[in-house]
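Below is one structure, written out as structure tokens, with a few remarks after it.
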Amino acid sequence: GNSVTQMEGPVTLSEEAFLTINCTYTATGYPSLFWYVQYPGEGLQLLLKATKADDKGSNKGFEATYRKETTSFHLEKGSVQVSDSAVYFCALSASNSGGSNYKLTFGKGTLLTVNP
Amino acid sequence: NAGVTQTPKFRILKIGQSMTLQCTQDMNHNYMYWYRQDPGMGLKLIYYSVGAGITDKGEVPNGYNVSRSTTEDFPLRLELAAPSQTSVYFCASSPRDRGLYGYTFGSGTRLTVV
């Protein structure tokens, strides 16, 4: 079946530090990959996405590249801000057993805390 | 546009009580989903629907029921609430091309069963 594994948290960084959150996946077929962000007390918001190999998704200074050879979709940001403190979820959308059922599968989430 | 709206935002239930979590979307999305989020466990799919009149079970359907009489609404029913159902519940929707566009989430319902 489909699965997503992302690095265990929590991650604590100082402002302006470099961020990497690792995400690897197992899927049948050709999945689409996503990063969602959840700010405290809110629902999940789509941060960025990539739909085919070598695509780079980007938004708000965050980037992630779809690496089919390593089945990875690591999230990076060059300089984090206090306002980036949130939980980040890696997710994939792929058919199950070759059918048309494209439900999202989520990782467990990584809590990021950025200190001033 | 309001997107996906969930009510209530908070609720405390006693063991054995029942309640309905409401979810409505105004984007004319065919697909709708209910997830629960437990600390450190990510999101688990409870039920989903691919259109009005069609629903199916997800990973953790026991103790819940759903219906989808209209495209806009997808209520989740808890019968005989148990402490194990204490969680944050999220409703989400997506257009038919869900592989490309991901999901739009509501802001959640925090449920405590005591």
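Per chain, numbering begins at 1; letters A, B, ... match sequence-line order.
Side chain of A/S85 to backbone of A/V114: a donor-acceptor contact under 3.5 angstrom is found.
At a 4.5 Å heavy-atom cutoff, the contact between A/L46 and chain B is made by side-chain atoms alone. There is no contact between A/Q45 and chain B, counting heavy-atom distances below 4.5 Å. Of the atoms belonging to B/E59, not a single heavy atom falls under 4.5 Å from chain A.
No other option in A/G41, A/G9, A/G107, A/G43 has as many heavy-atom pairs under 4.5 Å with chain B as A/G43.
A donor atom on one side chain and an acceptor atom on the other are not found under 3.5 Å apart for A/K49 and A/S32.
For the side-chain contact (heavy atoms from CB on, under 4.5 Å) test with B/R11, the passing option among B/L111, B/V113, B/L78 is B/L111; the others fail.
Around CD of A/Q81, the count of heavy atoms belonging to other residues, nucleotides or ligands within 6.0 Å exceeds 12.
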